[in-house]
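Worth knowing before you read on, the calculation uses all heavy atoms, side chains too, and leaves out hydrogens, waters and symmetry mates. Chain naming here is simple, since letters A, B, ... match the order of the sequence lines and numbering starts at 1 in each.
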There are 2 protein chains.
Amino acid sequence: MIKLNRTTEYGLVAMKHMAKKPGGSATSAREVSDQFGFPFEITAKTLQRLKDTGLIQSLQGARGGYVLARSLDEITLGEFVEKMEGPVAVVNCASGKTESPGCEYSGRCEMTSVMTDLNRRVIQFLSGIRLSELANSEIPVALTRFEDFLGNQPESMKENEKAHLS
Amino acid sequence: MIKLNRTTEYGLVAMKHMAKKPGGSATSAREVSDQFGFPFEITAKTLQRLKDTGLIQSLQGARGGYVLARSLDEITLGEFVEKMEGPVAVVNCASGKTESPGCEYSGRCEMTSVMTDLNRRVIQFLSGIRLSELANSEIPVALTRFEDFLGNQPESMKENEKAHLS
DNA sequence: TTATATACGATAATAGATGTCGTACTTGAA
DNA sequence: TTCAAGTACGACATCTATTATCGTATATAA
Ligand code: FES
Ligand code: FES
């Protein structure tokens with residue numbers, strides 16, 4: 001399953017919340033937790049991680065909390081995911097682990113370079129999306145069918161897609 | 001972690017192997033397993049799944065095995081991933097589970113539509129990659145596709161990305 | 001008849017994600 | 001000075017998905 005962490009989603013929601021908040025006041029973990037119904041402990045941990053990676057700043061003590069360190073327009077989803085979850089490795093074969101230079105099967109199977117390139121393309125894709133796009137846009141829920149998104153494909157492929165996609 | 005299943009990688013390797021094989025003879029699970037060092041049981045299960053979803057055809061009995069049902073040029077990575085792993089749900093918030101119409105937090109948090117749109121874009125991205133691209137290239141795929149996802153980025157962001165990627 | 005293969009399901013083992021708990025430190029305000 | 005509200009941090013438990021293994025049945029070419 002190709003899925004982001006739930007904490008990454010929590011983080012996105014929190015970032016959007018902070019961005020929309022009228023200036024001055026800091027946002028506490030409790031506030032985010034109460035507002036959206038997220039588990040408090042996880043929300044706190046998520047915000048700490050955002051602080052550790054420099055995306056937000058913390059203010060300790062009573063009346064403390066967190067404030068954005070950078071504009072959402074300057075942060076890409078690629079950077080955000082990497083800071084929340086670590087290096088993006090969409091395929092095991094291309095995971096840049098320092099211990100092993102490549103894939104465990106790279107001796108007999110020669111797809112590492114292709115897999116690594118695929119990974120790079122995913123990173124490029126994620127880097128083309130700004131957090132501000134996710135925070136500002138109001139998008140109709142209706143567009144959820146696969147068939148709606150095949151516009152840039154050759155005709156032959158459209159038929160194949162239609163055949164199997166629910 | 002945003003990662004594909006290992007079986008999906010096994011499947012890709014197997015598909016490439018079958019595509020490159022001189023015509024006529026079928027490819028057995030044992031052959032793929034031996035060739036690349038994959039666990040046999042998993043390889044067999046992977047090929048069965050490919051057969052169940054119609055991407056390859058099976059020939060039972062001695063001298064049996066599998067052959068491609070369609071050209072790799074007609075199959076997109078989006079279709080392949082969906083057939084190997086089920087519906088793509090890159091964020092939990094946008095998972096189209098039949099039980100719950102939306103996200104468990106959708107009552108107070110209003111990001112479902114944005115998350116669903118993000119999911120749509122990921123699917124569209126995967127659907128823009130043909131398996132033949134992954135199978136044919138011994139050297140990394142040309143960067144021409146990258147620009148599709150970079151064109152709308154401000155210059156400042158490109159610098160940020162360069163700083164932290166790979 | 002035998003060897004080689006797919007077909008199928010149950011289950012164990014592992015890893016990762018998710019959620020919980022306890023405690024210490026910081027600071028503004030009563 | 002005290003207290004309450006907050007961050008900071010780490011250890012741990014739980015849940016879930018992935019990954020791997022095992023056993024058995026069936027088909028078919030030689
Ligand atoms: S799967 Fe990594 S080299 Fe083939
Ligand atoms: S995370 Fe699903 S609605 Fe906010």
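Of the listed nucleotides (C:dA17, D:dG10, D:dC9), C:dA17 has the atom at the smallest distance from the side chain of B:M1. Of the candidate nucleotides D:dA8, D:dA20, D:dT18, D:dA20 has the atom lying nearest to any side-chain atom of B:P39. Distance from the side chain of A:N5 is smallest for C:dT18 among the nucleotides C:dT6, D:dT19, C:dT18. The B:I42 side chain lies nearest to D:dT21 when the options are C:dT6, C:dT18, D:dT21. In the set D:dT18, D:dT7, C:dT6, C:dT6 carries the atom at the smallest distance from any side-chain atom of B:Q60.
Residue B:Y10 is classed as a sugar-phosphate contact, given heavy-atom separations below 4.0 Å to backbone atoms only. A:A29 comes within contact range of the sugar-phosphate backbone alone, with a heavy-atom separation under 4.0 Å but no base atom that close.
Side-chain nitrogen and oxygen atoms of B:S58 include at least one within less than 4.0 Å of the OP1 or OP2 phosphate oxygen of C:dA7.
Along DNA chain D, the nucleotide closest to A:Q48 and the one closest to A:A62 are compared, and the more 5′ of them pairs with A:A62. Ranked by how close their nearest DNA chain D nucleotide is to the 5' end, A:K51 and A:R63 are led by A:R63.
Whole-Å rounding puts the A:I2 CD1 to D:dT18 P distance at 12 Å. In this structure, the CZ atom of A:F40 is 14 Å from the P atom of C:dG22, given to the nearest Å. Whole-Å rounding puts the B:D52 CG to C:dG9 C1' distance at 13 Å. The CG-P distance, from A:D34 to D:dA5, rounds to 12 Å in whole Å. A straight line from CZ of B:R49 to P of D:dT18 spans 10 Å, rounded to a whole angstrom. To the nearest angstrom, P of C:dT18 lies 10 Å from CE of A:M84. One atom, CD of B:E9, and another, P of D:dT18, lie 13 Å apart when rounded to the nearest Å. For B:E41 and C:dA10, the CD to P distance is 16 Å, given to the nearest whole Å.
Taking CD1 of A:I75 as the start and CG of A:L134 as the end, the distance is 11.5 Å to the nearest 0.5 Å. Summarising the geometry, atom OG1 belonging to B:T7 is positioned 10.0 Å from atom CG belonging to B:L12; distances are rounded to the nearest 0.5 Å. B:T8 OG1 to B:R49 CZ: the interatomic distance, rounded to the nearest 0.5 Å, is 8.5 Å.
Taking the six-membered ring where the residue is Trp, A:Y105 and B:F38 present perpendicular rings, their angle passing 60° and hence far from 30°.
Applying the 3.5 Å distance criterion, the base of D:dT19 shares no donor-acceptor pair with the side chain of B:K45.
Side-chain contact between B:L131 and B:F80 is present, with at least one heavy-atom pair separated by less than 4.5 Å.
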